[in-house]
K.L.:
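Dropping a structure here in structure tokens format, bear with me for questions.
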Amino acid sequence: MQTYEADMIDLTSSGENTPDLDSCCKKIMSSKLIIAKLLQAVVPEYTDSEPEDIVNMINNVSVSETPVDADIAPVIQSESTEDSSIMEGKRIYDIKFTARTPQDRQIALIINLEIQNNFNAGYPLIKRAEYYCARLISGQLNTIFTGSHYEKIEKVYSIWICTSPDEKHRNTISLYKMNRYDLAGKYIDTKQDILDYDLMNVIMVCLGDSHTNECRGIIRMLHSLLVAEIPASEKKRIVHEEYGIPINREFDKEVDDMCNISSLYINRGIEKGKINMIIEMYKNNIPIQIIANVAHLSVEETEKIISDNT
């Protein structure tokens, strides 16, 4: 019997209900063991924990499916990943979950995981990530805390896996967080002081060229899974033999789907330049039918490329 992870890395061959690339990536990254490997590598609270232990601290993993109206007391510990506001429209969290910390099992983190294909989206990506953190904080009103009980606010992380960063960011992992700086006098923080203000954290995991020494550890694992144009069998070998990820039927299927969809793009000549052109036209509000005609693709293929890259 295969594990969840292997179940996720042969459905596309049927030609029916073919999933899109974005959905495959999200399903792969929603594996608790893969999340645990990521948390151990990039989140300070889990540095000294083993992935197998971290798995048991992760709860309420949800992938973008169900809408939630944030203005009508949404419950964070729910199946939903949509954060919708009457005034602000709708946003979708790729993956959202809660996790207990190994230092104090009573302390919970709220974590959002995003897979970002378009690094230069016309705005600073870090600002979008900070906005997501702010929404994770404000969304706790009437769910985690009520009234003036701000002491109950839980720490949040927004982790972004950037699959196509610019050259200077490739193979880097960066943590952005709130710090205190003395403008007059000097005060040494207590542990509680830090817990009280260290609430919003952004982590940018920028993948890159696999042929460099910097592409190792969690970066190599994620690059092998999400980016590298290698056969599905090789992806599964790398994550299984090098990173100890069990291969089960569903994980196996998702990796095969992802590789087949990527191959479809390549075989149709949909190279990065054409994809960038399609995204740029879409951002300029050009109708999908016109974009498809210019790119010599079907409307369905064009919509899938836009979905996978925005």
Side-chain angles (χ1 to χ4, degrees), residues 20-26 28-30 34-35 38-39 41-44 63-64 70 81-85 88-97 109-139 155-179 198-210 212 214-215 217-223 225-228 272-285 304-310:
D20 59 68
L21 187 60
D22 186 56
S23 295
C24 291
C25 291
K26 290 177 185 177
I28 288 171
M29 290 306 304
S30 67
I34 289 180
I35 290 174
L38 178 62
L39 294 183
V42 305
V43 176
V63 181
S64 50
T81 57
E82 301 258 354
D83 186 352
S84 184
S85 168
E88 299 175 76
K90 185 169 71 173
R91 289 155 303 279
I92 301 175
Y93 297 117
D94 283 356
I95 300 169
K96 187 166 139 184
F97 57 95
L109 305 178
I110 299 172
I111 302 175
N112 157 232
L113 174 59
E114 296 291 318
I115 303 168
Q116 181 68 17
N117 297 316
N118 188 8
F119 191 74
N120 298 302
Y123 54 81
L125 191 58
I126 182 60
K127 287 193 173 184
R128 179 179 171 188
E130 289 178 305
Y131 174 75
Y132 276 40
C133 277
R135 289 296 297 173
L136 290 171
I137 289 285
S138 65
K155 185 174 182 177
V156 304
Y157 278 93
S158 189
I159 304 173
W160 292 67
I161 301 174
C162 303
T163 60
S164 301
D166 56 26
E167 187 172 357
K168 67 180 181 180
H169 287 95
R170 290 175 188 167
N171 295 321
T172 63
I173 301 175
S174 302
L175 169 64
Y176 301 81
K177 60 185 300 181
M178 185 179 292
N179 284 310
D198 182 22
L199 291 177
M200 299 197 302
N201 297 262
V202 173
I203 297 176
M204 290 286 183
V205 182
C206 296
L207 310 184
D209 188 349
S210 61
T212 63
E214 290 77 15
C215 186
I218 195 65
I219 293 178
R220 171 170 162 76
M221 188 189 89
L222 295 173
H223 184 275
L225 267 178
L226 303 176
V227 179
K272 195 171 186 65
K274 181 178 284 190
I275 292 175
N276 290 340
M277 177 195 72
I278 290 170
I279 300 304
E280 189 64 29
M281 294 176 71
Y282 172 73
K283 288 180 180 177
N284 284 283
N285 300 315
K304 182 171 290 188
I305 290 172
I306 292 171
S307 173
D308 290 347
N309 292 275
T310 55

K.L.:
Name each donor-acceptor pair under 3.5 Å that joins a side chain in residues 198-207 to protein atoms two or more places apart or in another chain, with its distance.
P.N.:
unit_1 : atom_1 : unit_2 : atom_2 : d
D198   : OD1    : N201   : ND2    : 3.4
D198   : OD2    : K155   : NZ     : 3.0
D198   : OD2    : K177   : NZ     : 3.4

K.L.:
Quick one about S164 and N117 (side-chain donor to acceptor, distance below 3.5 Å, no hydrogens or angles considered), yes or no?
P.N.:
no
K.L.:
Side-chain contact, heavy-atom cut-off 4.5 Å: L136 with I111?
P.N.:
no
K.L.:
Quick one: pull up CE in M221 and CG in L226 and give me the separation to the nearest 0.5 Å.
P.N.:
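Here the interatomic distance stands at 8.5 Å.
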K.L.:
Rounded to the nearest 0.5 Å, what separates atom CH2 in W160 from atom OG in S174?
P.N.:
14.5 Å
K.L.:
Quick one: are V42 and L175 in side-chain contact, heavy atoms under 4.5 Å?
P.N.:
no
K.L.:
Would you compute the distance between atom CG of D94 and atom OH of Y132 and round it to the nearest 0.5 angstrom?
P.N.:
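The OH atom of Y132 is 7.5 Å from CG of D94, to the nearest 0.5 Å.
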K.L.:
Using side-chain heavy atoms (C-beta onward) and a distance below 4.5 Å, is I159 in contact with V43?
P.N.:
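Yes, their side chains come closer than 4.5 Å.
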K.L.:
Compare every heavy atom of N171 with every heavy atom of G208, then report the nearest pair and how far apart it is.
P.N.:
N-OD1, 3.4 Å
K.L.:
How about Q116 and N118: does a side-chain donor come under 3.5 Å of a side-chain acceptor?
P.N.:
no
K.L.:
Distance check, rounded to the nearest 0.5 Å: L113 atom CG versus K96 atom NZ?
P.N.:
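Reported to 0.5 Å precision, the distance equals 13.0 Å.
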K.L.:
Could you tell me the separation between the CD1 atom of I115 and the CG atom of L225, rounded to the nearest 0.5 Å?
P.N.:
10.0 Å
K.L.:
With a 4.5 Å heavy-atom cut-off, do I161 and M29 have their side chains touching?
P.N.:
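Yes. Closest side-chain heavy atoms under 4.5 Å.
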K.L.:
Might you point out which heavy atoms bring K26 and V63 nearest each other, and give the distance in Å?
P.N.:
CB-CG1, 3.8 Å
K.L.:
Closest heavy-atom contact between Y93 and R135?
P.N.:
OH-CB, 3.3 Å
K.L.:
Taking the side chain from N112 and the backbone from I95, do they hold a donor-acceptor pair closer than 3.5 Å?
P.N.:
yes
K.L.:
When rounded to the nearest 0.5 angstrom, what distance separates SG in C25 from CG in L222?
P.N.:
10.5 Å
K.L.:
Closest heavy-atom contact between S158 and C133?
P.N.:
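In terms of heavy atoms, the two residues are closest at CB-SG, 3.7 Å.
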K.L.:
When the ring planes of F119 and H169 are compared, do they come out parallel, tilted or perpendicular, using 30° and 60° as the limits?
P.N.:
tilted
